[in-house]
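Take a look at the structure set out below.
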Number of protein chains: 2
Amino acid sequence: MTATTQPLAAAHGVGRALRPTGKVLPEHARAHNRSLVLAHLFHTGHASRADIARSTGLTRVTVSGLVAELIAEGLVEELGVRVEGKVGKPATLVGMRTEAFQIVAVDLTDDAHLRGAVMTLVGAVVARRSVALEGRTGQAATDLLESLCRDLLAVATRPVIGVGIASPGVIDVDGTVVQAPNRGWYDLPLAADLTESLGVPVHVANDANTRALGEFTYGSAAGSGCMVLTIGEGVGAGIVVDGALVLGRHHAAGEIGHVTVVDGDARDEPPLDCACGRSGCLETVLSVPALRRRTAGLSTEDSDAALASVGRLLGIALAPVVSALDLAEVLLSGPPELLDGALRESALATVRARTMPVIGHGLALRMGSLDEDGALAGAAVLVLSGQLGVS
Amino acid sequence: MTATTQPLAAAHGVGRALRPTGKVLPEHARAHNRSLVLAHLFHTGHASRADIARSTGLTRVTVSGLVAELIAEGLVEELGVRVEGKVGKPATLVGMRTEAFQIVAVDLTDDAHLRGAVMTLVGAVVARRSVALEGRTGQAATDLLESLCRDLLAVATRPVIGVGIASPGVIDVDGTVVQAPNRGWYDLPLAADLTESLGVPVHVANDANTRALGEFTYGSAAGSGCMVLTIGEGVGAGIVVDGALVLGRHHAAGEIGHVTVVDGDARDEPPLDCACGRSGCLETVLSVPALRRRTAGLSTEDSDAALASVGRLLGIALAPVVSALDLAEVLLSGPPELLDGALRESALATVRARTMPVIGHGLALRMGSLDEDGALAGAAVLVLSGQLGVS
DNA sequence: TCACGTTTGTTAGTAGACCTTCCTTACAAA
DNA sequence: TTTGTAAGGAAGGTCTACTAACAAACGTGA
């Protein structure tokens, strides 16, 4: 038993805030509760004011007030009386007017084309437009993107509540593109610039993160912890942990494509050079071009063996991440003929073999439930979340 | 250019909430702002009401009200007039009464002893107590813990605002021990039970997570993303991402000790059997006993080589995690004579070699700045955070 | 058939929280 | 002594959500 009086830090001025916090005003509380009501209607489809009151914990009076405000803005409408015969006064249902507004979403994942769509608030595609990039970068690429957005805004048949853009590269929370080498964008405040020029709120986020958002909101991703691995020209990931997207120190979280997975001293295969200047990166074996090269001309059996060996490498890289974050799911997004077979099974078996049973046993590793529109859907979620607080 | 009308989900009832949200009342806003004021005083040491108003964004009137409330509760006191001569009425400084209250912290990391301390609000140890566990588990261990807490509460010279406990095992957000095999605890509502029997608020969290909190608040950990790797009998980790502790699906995040790092086909060393029933786990090479066995009787040179080879294995396991989360720092907590040398340098070099330059280059991998009291300090932070909203 | 209980949604009044505006106090500089 | 600046507090207003009470609408059971 000893007693010391040495403090762990000076008597004053210790530490720093765990989470950047700001003041909260009553009006912020109201905005939060308003989003709560709207989100409930978004997720359940329709409900009575009393239903909403019960599930949010607010009183019927407060909910009535919020619903009235939402109806006045045109976001919500009364749907008539509930038909189910129960005792008491029948409820008048209200629902979100998901067809009354539209969202413009753009996916910049592809190096050759800008793909965009007009969507309803529930993610249904109303119209599509795409333009060839034809090698444009920098300002020329920005101009082309802006004109695509204008086209889409013109095609929309309802008021557009915002534009969502999924872009490759490192993008901060304000929608500034810190760097996107393939587009020649560096420190470009894309969201702010387009919001200014288009006159509509614009939200921009990384394409892998966006895809994770899309899977999460419209797909089947688990909220308690999941990772969406996007496999295309490159390999990227978006990670949702404890219900929130992981951003990282440089907003570069999920950049898992350039982790070394093939060592120089490996017996079975030599490391391949990577575009990043190093060699043996995950991208050199798992990207779609790499997988196609690897399986080209092989018999089904040999092809499966090749895919399984890539799956094993993926599993080795995933195991520490899955363990450290206690993830519930890993979703793969990309060509199913390459991914959804020997590769996926081998990766899952590898992760299970290399992690604690409690972690690996319940883990799901499967294909994402959205197709190539995943990034578009996620871009729409950016707008829903940013403009309406719904997600 | 095509147009489809197929929705990504049914017109109603899509998705689920991104983050579990609840209603926010004006009184919650006040509690938040109160914590904001207190946290400012905790971090800066002392300030005038006007200073606080400027840095929080609240008005002087509101801050005065909150400060008056805090003074009435005895948490804050006036410190006299600021001496620096500037124009205008001199400011009366206020500060948190960090010596007026105490915290009881207990560290259950050790398998043989329960270690506890009475601490001030800034983490200075006022008194220590420890008791030998002597093999007790289950209810006997709980009883011993409770009596240690009572001893510490009796030793405290000031009112105790709460008890913080750092325990090994899987622990949920309510302080229920889901499982802690070494203590024989399963589904034990430890925080609730002790709060009831001691009559003081009790907070319980995993010891690795707690240590991360301690490093974060009193130490030098980076808030934007860091991982504190605790190396003792076993290997565990606490991870702070985007300013919040990662919990994971089963509240088992950070359980990185049982990731396989030694393969069966490795040329240089065979995988060792692990207590978890598998083999080749990180813990079989990185735990303190394993490191001591490995370096016992070796010359300095050979010992460094052995430690470097373990560091390389650690680096291989860390690289995917660092990349996926874009971590700024990895801190090691454990015996410096084993960790802070060839092992650390080799691990850092390995991580840098196996990740993108933008990720690995700025990464710091160093020893935690707190010693063996790290878990105690973190337990104190649990109380500060839970009772006062300060962290 | 009809009183009764149940449920819904609204109106009225209350309490809390913050803001803006204005005032007093206190000091330094001219 | 005058002037300008800054701190702190008091008064009044706005916003938010709550409780209490009530009317409307419906099923149920005597």
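The structure presented is a predicted model; accordingly, all values stated were derived computationally and were not measured. Order of the sequence lines fixes the chain letters, A, B, ..., with proteins taken first and strands second; residue numbering starts at 1 for each chain.
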* Asked: So Lys23(A) and Leu36(B), side chain to side chain contact (heavy atoms under 4.5 Å, CB included) or not? Walk me through it.
  -> CA-CA 7 Å; Lys23(A) 64 175 174 179; Leu36(B) 214 57; 4.2 Å; yes

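- Both Thr92(A) and Leu58(B) sit near DNA chain C, but only Thr92(A) has its closest nucleotide nearer the 5' end.
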* **side chain to side chain contact (heavy atoms under 4.5 Å, CB included) between Ile103(A) and Val160(A), intermediate numbers included** => CA-CA 5 Å; Ile103(A) 293 172; Val160(A) 171; 5.7 Å; no

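- Of the listed nucleotides (dA26(C), dT8(C), dC19(C)), dC19(C) has the atom at the smallest distance from the side chain of Thr59(B).
- Counting to the nearest Å, the P atom of dG13(D) and the CD atom of Glu27(A) are 20 Å from each other.
- Checked against dT21(C), dC18(C), dG9(C), the side chain of Thr62(B) finds its nearest nucleotide in dC18(C).
- Note on Arg60(A): a base of the nucleic acid sits closer than 4.0 angstrom, heavy atoms only.
- Nucleotide dG9(C) holds its C1' atom 12 Å from the CD1 atom of Ile52(A), rounded to whole Å.
- Leu388(A) has its side chain within reach of Met96(A): a pair of non-hydrogen atoms, C-beta onward, lies under 4.5 Å apart.
- Of the candidate nucleotides dA17(D), dC26(D), dA12(C), dC26(D) has the atom lying nearest to any side-chain atom of Pro90(A).
- For Arg30(A), a side-chain nitrogen or oxygen approaches OP1 or OP2 of dA17(D) to under 4.0 Å.
- Ionic pairing of Arg30(A) and Glu69(A) is present here: one or more N-O contacts between side-chain nitrogen and carboxylate oxygen are shorter than 4.0 angstrom.
- Note on Ser64(A): every side-chain N or O is 4.0 Å or more away from OP1 and OP2 of dG9(C).
- Here Arg49(A) lies in heavy-atom contact (under 4.0 Å) with sugar-phosphate atoms only.
- Contact of the Asp242(B) side chain with the Val246(A) side chain is registered, since non-hydrogen atoms from C-beta on lie closer than 4.5 Å.
- In this entry the distance linking NE2 of His32(B) with C1' of dC18(C) reads 14 Å, nearest Å.
- Checking dT8(C), dC18(D), dA7(D) against the side-chain heavy atoms of Ala91(B) singles out dA7(D) as nearest.
- Taking for each of Arg34(B) and Val61(A) the nucleotide of DNA chain C with the nearest heavy atom, the 5'-most of the two is the partner of Val61(A).
- Distance Lys89(B) NZ to dA26(C) P: 7 Å, rounded to the nearest Å.
- Relative to the side chain of Leu25(B), the nucleotides dT10(C), dA17(D), dA17(C) differ in distance, and dA17(D) lies closest.
- Looking at heavy atoms from C-beta onward, Leu121(A) lies in side-chain contact with Ile161(A) at the 4.5 angstrom threshold.
- Of the candidate nucleotides dG8(D), dT8(C), dC18(C), dC18(C) has the atom lying nearest to any side-chain atom of Asn33(B).
- Between the C1' atom of dA17(C) and the CD atom of Glu69(B) lies a distance of 11 Å, rounded to the nearest Å.
- At its two ends the helix from dT1(C)-dA30(D) to dA30(C)-dT1(D) runs along axes set 10° apart, each axis drawn from five pairs and the angle rounded to 10°.
- The CG atom of Leu58(A) sits 14.0 Å away from atom CZ of Arg34(A), with the distance rounded to the nearest 0.5 Å.
- When every heavy atom of Leu382(B) is checked against every heavy atom of Ala205(B), the shortest pair comes out as CD1-CB, 3.7 Å.
- Atom CG of Leu93(A) is separated from atom C1' of dT7(C) by 14 Å (rounded to the nearest Å).
- Atom CG in Asp51(A) sits roughly 13 Å away from atom C1' in dG9(C) (whole-Å rounding).
- Nucleotide dC18(D) holds its P atom 10 Å from the NE2 atom of His28(B), rounded to whole Å.
- Checking Arg54(B) against Pro26(B), the closest nucleotide of DNA chain D that is more toward the 5' end is the one next to Arg54(B).
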